[in-house]
There are 2 protein chains.
Amino acid sequence: MARLSDVIEQLIKELIEENNGCAEITRSELAEQVNCVPSQITYVLSTRFTNGQGYLVESRRGGGGWIRIRRISNSTTAEHYIMHALNAMGEQLSQQQAEVYLKNFVDYDVIPRPVARVMKGGLSDQALNRIDTGLRDFVRMDMMKNMLMCFILGSASK
Amino acid sequence: MARLSDVIEQLIKELIEENNGCAEITRSELAEQVNCVPSQITYVLSTRFTNGQGYLVESRRGGGGWIRIRRISNSTTAEHYIMHALNAMGEQLSQQQAEVYLKNFVDYDVIPRPVARVMKGGLSDQALNRIDTGLRDFVRMDMMKNMLMCFILGSASK
DNA sequence: AAAATAAAGGTCAGTTAAAGTCAAAAAACC
DNA sequence: GGTTTTTTGACTTTAACTGACCTTTATTTT
């Protein structure tokens with residue numbers, strides 16, 4: 001018997017498919033549709049729609065809030081290249097490693113220099129200074145992955 | 001379901017655009033137009049048209065009162081615009097505020113869309129999830145400032 | 001002139017409608 | 001039998017929206 005989470009996963013994927021790579025839902029509505037508590041939607045999103053799996057999840061709380069899930073198309077070389085790198089990246093990222101990656105992306109013409117420059121600024125120790133060193137590299141990695149996904153999705157829709 | 005606040009924001013922006021960088025409204029009239037209470041206009045102004053976001057809001061009460069919203073530094077360069085924003089930015093930045101800034105930067109051609117998109121990804125709660133909520137908005141601001149500085153420096157050296 | 005009235009905008013605390021968090025219970029899987 | 005995954009729900013946070021009450025300014029009345 002299919003697990004509820006699988007059903008939800010499937011449903012979201014269909015929505016994405018039908019909708020050109022982008023699903024926009026309301027957590028509570030979707031929850032009601034499949035008859036589960038809202039937080040289970042959150043669970044599914046966090047386990048099956050991660051950056052590493054090629055998805056970007058954005059959301060907004062408060063009145064009129066929503067959740068948007070987008071999938072990369074993986075059709076251009078840049079997308080391939082970045083997804084490949086992203087999957088090889090692991091959980092933590094030092095400033096130095098970040099710079100190496102960015103340099104490669106620029107050298108191989110995968111990311112334009114101005115974009116890389118801004119990314120570098122955001123990923124620098126200077127910017128992340130207030131974060132505990134034990135946590136910093138994890139956050140930096142989350143940021144890197146999310147920024148890369150945003151970059152890919154942006155250039156796709158352009 | 002478009003949020004009323006968004007409609008109001010858009011409306012005001014159009015007025016500003018049509019009118020050479022300066023919109024003059026009457027709070028209650030605008031409120032009636034979009035069918036909301038007057039104080040919601042105030043709410044929109046205070047969340048999306050702050051000084052730091054490049055606007056100057058003046059008003060006059062009493063009979064024949066008005067509210068005037070002007071874009072600051074319409075004619076200056078991107079670097080000026082960003083420097084002004086940087087100066088007016090405090091210590092903390094929520095995801096929502098970050099998005100308002102970025103939207104403005106793009107709308108006013110101060111930062112190219114792909115760069116803004118990547119910034120948004122890095123500044124999102126999604127990416128900064130592991131940081132304690134008490135600290136998160138401080139870090140986000142540090143990042144924003146750093147990225148903006150990097151952007152300016154980059155475009156200078158070209 | 002002074003007082004009263006009308007016509008604006010300002011403030012702020014409270015309500016509603018969303019999403020997020022987290023840990024415990026239940027189920028599924030070795 | 002123990003471990004991992006799923007499911008649940010109580011509680012938190014955030015953003016939008018509302019309304020009652022306040023302050024300021026202009027106009028009208030006396």
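Only heavy atoms go into these numbers, but all of them, side chains included; no hydrogens, no water, no symmetry mates.
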When you measure from the side-chain N and O atoms of B:Thr42 to the phosphate of C:dG9, is any distance below 4.0 Å, counting only OP1 and OP2?
no
Looking only at side-chain N and O atoms, does B:Thr26 come under 4.0 Å of OP1 or OP2 in C:dG9?
yes
B:Glu58 atom CD, over 12 foreign heavy atoms within 6.0 Å:
yes
Between A:Ser28 and C:dA19, is there a side-chain N or O to OP1/OP2 distance below 4.0 Å?
yes
Checking D:dG9, D:dT5, C:dA19 against the side chain of A:Arg3 (C-beta onward), the nearest is D:dT5
Separation of D:dT14 atom C1' from B:Asp125 atom CG, nearest Å, is 10 Å
For B:Ile41, report the nucleic acid contact type (base, sugar-phosphate, nothing); a contact means any heavy atom under 4.0 Å.
nothing
Is the shortest side-chain N to carboxylate O distance from A:Lys13 to A:Asp6 below 4.0 Å?
no
Scan B:Ser94 against the nucleic acid and name what it touches under 4.0 Å (heavy atoms): base, sugar-phosphate only, or nothing.
nothing
It should be established whether B:Gln40 places a side-chain nitrogen or oxygen under 4.0 Å from OP1 or OP2 of nucleotide D:dT18.
yes
Just to confirm, is there a sub-4.0 Å distance from OP1 or OP2 of D:dT5 to any side-chain nitrogen or oxygen of A:Ser5?
no
Which of the following nucleotides, D:dA15, D:dT8, C:dA8, is nearest to the side chain of A:Arg60?
D:dA15
Reckon A:Gly65 touches a base, only the sugar-phosphate, or nothing at all at heavy-atom distances under 4.0 Å?
sugar-phosphate
Does A:Val34 form a side-chain contact (heavy atoms from CB on, under 4.5 Å) with A:Leu4? I'd like the steps, not just the answer.
CA-CA 8 Å; A:Val34 298; A:Leu4 233 196; 4.2 Å; yes
So, does B:Asn129 get its side chain near the phosphate of C:dG20, meaning an N or O under 4.0 Å from OP1 or OP2?
no
Is any side-chain nitrogen or oxygen of B:Ser59 closer than 4.0 Å to OP1 or OP2 of C:dG10?
yes
Record whether the side chain of A:Arg27 comes under 3.5 Å of the base of C:dG20 through a donor-acceptor pair of N or O atoms.
yes
Is it the case that the base of D:dG19 and the side chain of B:Ser39 share a donor-acceptor contact (distance under 3.5 Å, atom types as modelled)?
yes
CG of A:Leu30 versus C1' of D:dT7: gap in Å, rounded?
15 Å
For B:Glu29 and C:dA7, give me the distance from atom CD to atom P, rounded to whole Å.
14 Å
Any heavy-atom pair between the side chains of A:Leu128 and B:Met143 that's under 4.5 Å?
yes
Is it the case that the base of D:dT25 and the side chain of B:Arg61 share a donor-acceptor contact (distance under 3.5 Å, atom types as modelled)?
no
Between P of D:dT5 and OH of A:Tyr43, the distance in whole Å:
7 Å
Does OP1 or OP2 of D:dA16 have a side-chain N or O of B:Arg48 closer than 4.0 Å?
yes
Measure the acute angle between the ring planes of B:Tyr55 and B:Tyr108, then classify it against the limits of 30° and 60° as parallel, tilted or perpendicular.
perpendicular
